[in-house]
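Here is the structure we will look at, set down as structure tokens.
Side chains are part of it too, since the values below use all heavy atoms of this structure and drop only hydrogens, waters and symmetry mates.
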Amino acid sequence: MKLKIFLTALVSTFALTALLDTASVTVNAANNNSDKTVAAKQVEKHYVIKNAPKISKWGYILNVNSSALPIFVGKGNYQKLLNNPYFKGTKNISPKKIKNVKFKVAKIMIFKNVNGTPEYLVTSKNHKYNAWTPNAGLQYYDIHSKSLQSVIRPLKRIKSRDFEGLNRKKTVKDTRSRITKNKRDFGLAVKAAKRLKGKQRKFVLGSLQQMRQDDGIRNVMQEKQDNVLLWTIN
């Protein structure tokens with residue numbers, strides 16, 4: 001799992017570096033007195049940074065769980081990272097040293113015209129710690145709690161079932177059977193979530209409701225971009 005997270009982060013970093021290259025365009029302009037050549041650099045961004053309201057609304061519920069991702073230290077870095085994911089702060093810290101610090105998602109970056117994993121700007125309270133990372137480098141802070149395992153187990157079965165379906169030929173009967181089993185496991189997850197308490201109950205039930213609305217029961221793998229709970233179902 002650590003190797004998967006490292007490779008995902010590494011590929012995302014290389015992709016981001018390549019995509020941030022810019023091209024220059026020479027513009028020719030003429031007036032009545034003389035011809036002049038004006039050189040101008042036109043920056044074309046290959047990505048779009050936007051708000052992530054579906055995720056941000058949950059607040060500080062994430063841990064950065066990949067040692068391959070540097071976390072930049074300093075409040076001033078937050079403003080610089082907001083619109084420049086390529087910015088590198090002068091001071092960083094390993095996630096292992098602040099494993100109990102909670103983060104929230106502030107922004108999401110989507111690549112244009114290319115296949116690329118979305119990246120998320122995460123920040124701690126007061127913006128002391130900040131980082132751009134794919135969701136493979138993040139997890140719900142309470143994912144390993146004993147109370148949550150009765151929700152996680154049926155969701156893992158759904159994910160495993162969907163992966164198996166991708167790797168073999170499927171008949172209409174196979175698809176119907178998979179969806180029926182997914183619905184059964186989803187129902188078990190909801191039932192278990194209703195036994196949770198407080199903020200954990202609200203978050204998990206909200207995530208499952210979003211999964212239902214996004215048709216994640218039919219194909220959970222298509223709906224991981226905006227669903228924090230599903231990021232950590234491995």
Side-chain angles (χ1 to χ4, degrees), residues 1-6 8-9 51-71 73 78 93-108 117-160 162-163 182 185-214 216-217 220-221 223-234:
M1 181 58 195
K2 289 183 178 179
L3 178 60
K4 177 183 175 184
I5 291 174
F6 174 79
T8 302
N51 293 328
K54 285 186 179 180
I55 313 172
S56 298
K57 70 178 181 181
W58 298 117
Y60 298 90
I61 61 167
L62 291 164
N63 290 143
V64 178
N65 67 333
S66 171
S67 59
L69 300 165
I71 297 177
V73 183
Y78 177 72
I93 190 170
S94 168
K96 291 182 178 180
K97 293 183 178 180
I98 55 170
K99 60 183 179 180
N100 293 322
V101 173
K102 295 174 185 171
F103 292 79
K104 71 175 286 186
V105 170
K107 298 282 183 176
I108 181 174
T117 303
E119 299 225 356
Y120 303 84
L121 174 61
V122 294
T123 185
S124 66
K125 289 183 179 179
N126 301 321
H127 304 315
K128 182 177 180 180
Y129 303 109
N130 307 279
W132 277 100
T133 170
N135 63 30
L138 301 168
Q139 67 178 13
Y140 175 52
Y141 79 95
D142 211 20
I143 196 68
H144 298 298
S145 67
K146 184 178 180 180
S147 61
L148 200 58
Q149 298 317 300
S150 56
V151 176
I152 300 302
R153 284 192 292 270
L155 292 180
K156 283 185 175 181
R157 290 196 293 270
I158 292 175
K159 179 179 178 181
S160 177
D162 288 352
F163 263 128
N182 282 0
D185 280 326
F186 181 79
L188 291 174
V190 172
K191 185 177 180 180
K194 289 180 178 179
R195 295 194 293 267
L196 300 175
K197 304 295 183 181
K199 293 181 179 179
Q200 187 183 72
R201 183 180 190 274
K202 181 179 179 180
F203 165 71
V204 175
L205 283 175
S207 298
L208 292 174
Q209 178 61 23
Q210 182 182 328
M211 181 179 170
R212 186 198 300 274
Q213 291 174 346
D214 292 340
I217 302 170
V220 69
M221 299 310 298
E223 307 304 335
K224 293 183 67 175
Q225 179 173 299
D226 294 323
N227 198 316
V228 173
L229 182 63
L230 296 185
W231 291 352
T232 36
I233 306 302
N234 300 305

Could you tell me if the side chain of [Y] sits less than 4.5 Å from the side chain of [X], heavy atoms only?
X      : Y      : result
Ser150 : Arg195 : yes
Arg157 : Leu188 : yes
Lys104 : Leu62  : no
Val73  : Asn130 : no
Val151 : Val190 : no
Leu230 : Met211 : yes
Phe203 : Val228 : yes
Asp214 : Gln210 : yes

Quiz item: Val204 and Ala193: which non-hydrogen atoms are nearest, and at how many Å?
Solution: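 The pair with the smallest heavy-atom distance is CG1-CB, 3.7 Å.
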
Exercise. Please name the pair of heavy atoms, one in Trp132 and one in Lys107, separated by the smallest distance, quoted to 0.1 Å.
Key: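 That would be CH2-CB, 4.0 Å.
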
Gap separating the [atom1] atom of [X] from the [atom2] atom of [Y], nearest 0.5 angstrom:
X      : Y      : atom1 : atom2 : value
Asp226 : Ile108 : CG    : CD1   : 5.5 Å
Ile98  : Phe103 : CD1   : CZ    : 4.0 Å
Lys102 : Tyr129 : NZ    : OH    : 15.0 Å
Gln139 : Ser66  : CD    : OG    : 10.5 Å
Ser124 : Ile71  : OG    : CD1   : 8.5 Å
Trp58  : Lys202 : CH2   : NZ    : 6.5 Å

Quiz item: Under the ring-ring contact (aromatic ring centres under 6.0 Å, His included) criterion, do Tyr120 and Trp231 qualify, and how do the steps go?
Solution: CA-CA 12 Å; Tyr120 303 84; Trp231 291 352; 4.8 Å; yes

Practice problem: Test the Lys125-Tyr60 pair against the cation-pi criterion, namely NZ or CZ under 6.0 angstrom from the six-membered ring centroid and within 45° of the ring axis. | Solution: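 Yes - Lys125 lies over the ring of Tyr60, closer than 6.0 Å to its centre and within 45° of its axis.
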
Quiz item: Can you check side-chain contact (heavy atoms from CB on, under 4.5 Å) on Asn227 and Ile55, steps first, answer last?
Solution: CA-CA 7 Å; Asn227 198 316; Ile55 313 172; over 6 Å; no

Practice problem: Tell me, with the steps shown, if Lys159 and Leu155 meet side-chain contact (heavy atoms from CB on, under 4.5 Å). | Solution: CA-CA 6 Å; Lys159 179 179 178 181; Leu155 292 180; over 6 Å; no

Quiz item: Does Lys156 offer a backbone N or O that forms a donor-acceptor pair with the side chain of Ser160 under 3.5 Å?
Solution: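 No, Ser160 side chain to Lys156 backbone: no donor-acceptor pair under 3.5 Å.
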
Quiz item: Counting distance only, does the side-chain N/O of Asn63 pair as donor-acceptor with the main-chain N or O of Val101 below 3.5 Å?
Solution: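 Present.
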
Practice problem: Give a yes or no on whether Lys57 atom NZ has more than 12 heavy-atom contacts from other residues, nucleotides or ligands under 6.0 Å away. | Solution: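 Atom NZ in Lys57 is crowded, with more than 12 foreign heavy atoms closer than 6.0 Å.
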
Quiz item: Using 30° and 60° as the class limits, which term best fits the ring planes of His127 and Tyr78: parallel, tilted or perpendicular?
Solution: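 Ring orientation, 0 to 90° scale: parallel.
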
Exercise. For a side chain to side chain contact (heavy atoms under 4.5 Å, CB included) with Val105, tell me which candidate from Ile61, Leu121, Thr133, Val122 qualifies.
Key: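 The passing option is Val122.
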
Self-check item: Verdict with supporting geometry, Ser147 and Leu196, side-chain contact (heavy atoms from CB on, under 4.5 Å)
Solution: CA-CA 7 Å; Ser147 61; Leu196 300 175; 4.0 Å; yes

Quiz item: Where do Leu148 and Gln200 land on the side-chain contact (heavy atoms from CB on, under 4.5 Å) test, with the steps shown first?
Solution: CA-CA 9 Å; Leu148 200 58; Gln200 187 183 72; 4.3 Å; yes

